[in-house]
Each structure stands twice: as C-alpha cells, then as structure tokens.
Visitor: 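One structure coming up, written as structure tokens, with questions to follow.
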Number of protein chains: 2
Amino acid sequence: MKKTSTVVTMADVARSAGVSTMTVSNVINGRPRVGAETRERVLAAIAELGYQVNLAARHLRAGRTGVVGLAVPELERPYFAQLAGRLADRFEAHGLRIVVERTGASRQGELDAVVFSRLRMYDGLILSVVDLDPAELTQMRTDAPVVMIGERALPSKFDHVMMDNIDGARQATAHLLATGSRRIVLLGGDPDGGASMTGLRAEGYSLAHADAGIETDPDLVVRSSFRFEDGYDAIRSLLDRKIGFDGVFALTDVVAIGAIRALADAKLRVPDDVQVVGFDDVDEARFLVPSLTSINPGHDEMADAICELLIRQLKDGPTDEPEELVVPAHLVERQTTRPHTN
Amino acid sequence: MKKTSTVVTMADVARSAGVSTMTVSNVINGRPRVGAETRERVLAAIAELGYQVNLAARHLRAGRTGVVGLAVPELERPYFAQLAGRLADRFEAHGLRIVVERTGASRQGELDAVVFSRLRMYDGLILSVVDLDPAELTQMRTDAPVVMIGERALPSKFDHVMMDNIDGARQATAHLLATGSRRIVLLGGDPDGGASMTGLRAEGYSLAHADAGIETDPDLVVRSSFRFEDGYDAIRSLLDRKIGFDGVFALTDVVAIGAIRALADAKLRVPDDVQVVGFDDVDEARFLVPSLTSINPGHDEMADAICELLIRQLKDGPTDEPEELVVPAHLVERQTTRPHTN
DNA sequence: TTGAAAGCGCTAACAT
DNA sequence: ATGTTAGCGCTTTCAA
C-alpha cells in the first residue's frame, strides 16, 4: 500500500500489467505497434483499476482534448440553446464534444475571459459575438482554431459565419407592409446599434420602409432586452401611452412571444388587429397558437458551415485567408400574419 | 529569436520582467508576498506579451480549474437551458464558471463518458441523471465533487438534489380532477418507467386518481419523447383514434405546448373543452396564450441547493455522508385550466 | 514490439 | 520578497 489516493494513473496500469506507461498509452490511443496479448493484459488492467485518462495532462502534452468550446451570450435563450444542440450533433459525428459556456453578452470582459483563457482548454472555439467591436477583435492573438458567429462582417483573421440580419429584418418588415400593416413597431430595436444584431435588424426595418415609400415613426421604435418579459413590458408601455400600431416586428421570437401576450391582455387580436413577425424561427414558433411568423436565419446551413470551417482549421491549422460566409435568411409564414391580399 | 511559436508562457513573462516564474505566478494568483514595484513590472510584461495562463497546466499541477461542469441530457430543452442559466449566475458569484455539456439522455455510454473522463477537466460536476440505474451509479468511483440532480432517491455516495416528481405530478393531476376533468391524458408518461422522471410523474398521476377514487384508463396513457412535435403527434394520434378526453397532464411544458397546438388544430378549446397542465414551469409558460398552468419544481431552491452542496464539497472534499434533498414542487395556476368551481 | 528519457506549463514546498 | 527544485500525468522522440 503505497498510494493512498484513489486516482488511478497510467503508471498504475502499467505496473499492474507489467509493461511501460508508453505501452499503455499506445493501447489507449489505438496505435498499431502493440502485441495482441500485451494489449489484452493492458485492457484488463484498465478495466480492473477503473482507469480514466487525465485530459488535462493529455492536453498539456499533446495539445488536444477532443473538445470544442461554444461561447454564447446567454445559455437560456432558445436560439442559442437550439444552436448548441445542432452543433453538438454535427461535431459528435466527427468524434468531438461540444461544451457550452456563456459570455454574458454585453460585458466585453466576459468575452475576453473566454477567448484569452478558456480557449486553452479546447481544441477550438466557436464564439458568438454580440457586442464586440472590430478593435477588440483584432487584438485577439491566438493560434487556436476559432470560428465566429453572427453580426456583420468585421475585419478579422477569423472565419466568420453570419446570418443575414439586415435582409431577414427587411423581409419581415416587408411582409408586414405587404399584408396591410402601416404602423409597425420595431420591438427591441436600436437604430444606433451599429453593427450589433440590434442595429442590423433595425436597418432592415428601415430599408423595407424605404422600399415601400413609407415613413417610419420614431415613437414606434422600442428598445428592450431579449427576455419574454421585456417584450411584454415594451408593448404594455406602448399601449399605456396610447401609441397606435397595427404591426410588430420583434427582433427575436422570444420578445415576440412576450409581445403577443401583452396584446392578448389588451384584447387585441393577432393577426386581425395587430400582425406580428419574429426573428430566429425557434422551435417554439410553429407550435404557438397562433403559430408565429418568423425569419429562419438558415439554421442548418449555419451549423453546417460552422462545423465545416472549424474542422478544416483543426486539420490544416489556423487559416491564412479567413472565410466570411453569409447564410441567407427566409420568411416562414404562419398565423400571426394575414395572407397576402393581392 | 529563439521561439517561433506565438504561445506566450510564464517563463517568457518572467524573462521579460527579469524575475522568476514563481514571482509571475504569485502576481497572477494575487498572492501577497510580492513587492509593489515588481508587481508592476510583471503586469506590464503580461500586458505587453499578451500572456494567458494555460489552464491545462494549472489544472495538472494545482488540481483546480475554476470550472464546474454541468451535464444535461439535451442542451435545447428549455428546462435545462434555464437551469444552466440559473446555476451560472450562482457559481459566478463564487468566482466559478459553468460549462455545459450534453449526455444524450438515454445512452448510458454517453453518461459514462462524461463521468469517467471529462470530469477530470472540472473542479466538480453537476450531473442530471435521466436513465441511470443504481448499479451504474455505485460503480462510479471518483473523488471529484459531484452533485446529482433529478429522479428518485438512489443509493449512492453522491449528494443528490431532487425535485418532487411524484408529488408535483399528483398536484397537477389533482388540480385537473378538482376542476372537472374526468378523462385525463397522461402525455409522455411511461407507467413502466420506474425511477425515471417519466415513471415518477406517471406515479403521481395514478396517486391523484386513487385519491379521488377515479379509475385511470390505459388508453389515455401516451408515451412520447420530449420535443414539441412529440406532444403534438401524440395528441393528434389520440384524436385520430377518436379516444375521448377532457384533460391533459403533460409530463413537460414543451410537450404541453405541442399538445395545445394539436388541440387548436382540432378546434378544441383550452380550457373549455380540454384542460392542460404542464410540468417544469419554464419561462415560456406564463407568456403563452392561454398561459400554461404548470408545476414549478422549485427552480430557485434547487439551484441554491445544488450550488451550496457543490461549493461545500469543493471546500471540504468529498462527502462522507451524502445529502439527499427533495425540493417541494407547487402548482402555478394559469389559463389552461379552469378556476375551481367549489 | 517495447521501453527510457525528456518535458509540456504550471505551482507547492522549501530555500534564500 | 524572491528564487530553486521538483513533479503533476501524459506523449513525443529515440533507443533497444
């Protein structure tokens, strides 16, 4: 009895099987040059002792973990939770695990923490940038494979997969206009949001109005956060202030759901009195009553692209010429908007 | 120019600042015995070189990472996504990060993978057990702090925080009976589910019927998976088969949402024709139209307990006498059920 | 086919 | 207040 700790190391296995640690390592990693009988002995010892590899040690030495990090603003937002699920499926097919962590969205310090520190635990990182400006982006010096998601094109050395925020928002707004809405609330929007998701979707809202030759009313632009209650509160406040409207473009489906609840409380009918379009086409959307018209940002295409780009970096090392990909968005018409009349 | 790699190590910082690596380590970890001027030099060097600690190395040496793992069956299920958010908040207050990974629920091999291997990357693990039987549970030999979530009491050496699945389900069903439903669908249930969540909630359903002296009808027990469409499909199939019912107890809110959509398609009114109660009280529930009556499994109490138990293990080492905690559940009455008539 | 030696980057324990 | 030594558990390299 020399060891008191119950942690079993490779050396323990080696001793028990009467071989060197190298041979154990070779067996575990499926390397070829190991005798059949030796392999058996080693496997038996592993099973008997309940040995588990220490990933930290492997990572330290070999520089890989088989783990890909996914950093998102909030874990509970359906869009990101569903994205995580889709990515997990795809990476699993490549023998890689996804682990998810949150950045906290706004606080840029959070984000740095992920990129500058945690990255070292992963073979690669998928980073959903929310409120990161180009200056910070270029500061990130790292050799590790990184794929960025979201927002507008930014000068950076990272592969970057984007949804088409502007065009998606334009389609949503255009649809509301085409089906008869004239006073459309921009819910959650921030016209000064610049290259953030908020700013881009607000831009699409303006574009659609310009295309249709219809003025926008600043009173109808309501900023909010992105939880259910934020959408609810925003619409409530609009109603309390007696500001009239006949359509809502919600910047996310979650906010749209909150908005619809507020409309119901006010006895306003959807879509008869007020039409609503969301953005994200989360799984919830098609099961709501009425089901939610939304913008599908190209879920599967995005997940495919993200996975493919990261896998490529994992193989070939960091990219020299970062790829910048914009996945097309499309409207999914459901019951919170009226059919076209024309 | 000796190094070609761009990875900056502590040794690089030490050289640049003209100190030993130990001093750099002391500065980084905020240990006291460092001169003010030396600290400045070191911090300057860190900033200049863009140094980041290598967590794998720290973990290997110090045995801690500042990271707590959370393993859940599916990343996209709102209950787990929202749980992850709550836990992240709490652990953040203790200077710890949460990272989330999925086990895949059913495949026990997935689960083992987490427990036996990934665990080594974390200071502790929170494991949501879904389909794990006691035998496997006792096999897990590990010194690392582990807190289990969910399901029924199981003999194990781990701290275990449970929601009261049986009583929650009993309350849900009792409420349906008390408000006039007599033929209540058990949606997603599996009476043979044993100690799984499914089996426990089915048990509560039976209990409530027994309490009320009302027979259950096996035709009304419909198994399903836990996605929106599973709830939808299950109700559709019941309607197609002309099996009459006037209430639905859905094993999760997600399934309930799918069910309500199917009822709407069949022109059945909720709650007038069919009452619906879900389980989980996810954020979505109160914003739906009609808002969803559900069982709140004690979200905050659970998160508090989980955090507290893990933190304690982190401090004191693995528990000798594992704690087993059952958090009470309570009904949240909303619009998918009728008010009490008595 | 197998093993010995070296060292990945860091920190605990012990000098100085 | 700072430095030296040793070694965490693994894998790479090279030798047997």
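Residue numbering restarts at 1 for every chain, and letters A, B, ... go by the order of the sequence lines. Note: hydrogens, waters and symmetry copies are ignored here, and every other heavy atom, side chains too, is used.
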Visitor: Do the side-chain N or O atoms of Asn54(B) get closer than 4.0 angstrom to the phosphate oxygens (OP1, OP2) of dC8(C)?
Guide: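 No, outside the criterion.
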Visitor: State which of dT12(D), dC10(D), dA13(C) makes the closest approach to the side chain of Met22(B).
Guide: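 Nearest listed nucleotide: dA13(C).
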Visitor: Could you pull out the closest heavy-atom pair between Gln313(A) and Asp159(A), with the gap in Å?
Guide: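 So the two residues come closest at NE2-OD2, 2.9 Å.
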Visitor: Would you mind classifying the nucleic acid contact of Asn26(B) as base, sugar-phosphate or nothing, using non-hydrogen atoms under 4.0 angstrom?
Guide: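 No contact.
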Visitor: Would you mind telling me which of dG9(C), dG9(D), dG3(C) lies closest to the side-chain atoms of Val19(A)?
Guide: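 The answer is dG3(C), which lies nearest to the side chain.
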Visitor: Any base atoms under 4.0 Å from Arg33(A), or only sugar-phosphate, or nothing? Heavy atoms, all strands.
Guide: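 Base contact - Arg33(A) has a heavy atom under 4.0 Å of at least one base atom.
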Visitor: Does dC10(C) have its OP1 or OP2 closer than 4.0 Å to a side-chain nitrogen or oxygen of Ser25(B)?
Guide: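 So the side-chain polar atoms of Ser25(B) never come under 4.0 Å of the phosphate oxygens OP1 or OP2 of dC10(C).
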Visitor: Would you say dC8(D) has OP1 or OP2 under 4.0 Å from some side-chain N or O of Thr9(A)?
Guide: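 No, Thr9(A) has no side-chain N/O under 4.0 Å of OP1/OP2 on dC8(D).
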Visitor: Measure the distance from CZ on Arg61(A) to C1' on dC8(C) and round it to the nearest whole Å.
Guide: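 Arg61(A) atom CZ is separated from dC8(C) atom C1' by 5 Å.
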Visitor: Under a 4.5 Å cut-off applied to non-hydrogen side-chain atoms, are Val99(A) and Tyr122(B) in contact?
Guide: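 Yes. Closest side-chain heavy atoms under 4.5 Å.
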Visitor: Is there a side-chain contact between Ile149(B) and Leu127(B), using heavy atoms and a 4.5 Å cut-off?
Guide: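 Sidechains of Leu127(B) and Ile149(B): no contact.
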Visitor: Arg31(B) has a side chain; which of dG7(C), dT11(C), dG9(C) sits nearest to it?
Guide: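 Selected nucleotide (nearest to the side chain): dT11(C).
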Visitor: With the side chain of Thr23(B) defined as its heavy atoms from C-beta on, choose the nearest nucleotide among dC8(C), dG7(D), dT2(D).
Guide: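 Shortest atom-to-atom distance from the side chain points to dT2(D).
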Visitor: Between dT11(C), dT2(D), dC10(D), which nucleotide has the shortest distance from any of its atoms to the side chain of Arg58(B)?
Guide: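 Looking only at side-chain atoms, Arg58(B) lies closest to dT11(C).
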Visitor: Using the side-chain heavy atoms of Ser20(B), tell me which of these nucleotides is nearest: dC8(D), dG3(D), dA6(C).
Guide: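 So the side chain of Ser20(B) is nearest to dG3(D).
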Visitor: Do Val67(A) and Leu96(A) make a side-chain contact, defined as non-hydrogen atoms from C-beta onward lying under 4.5 Å apart?
Guide: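 Of all side-chain heavy-atom pairs linking Leu96(A) with Val67(A), none is under 4.5 Å.
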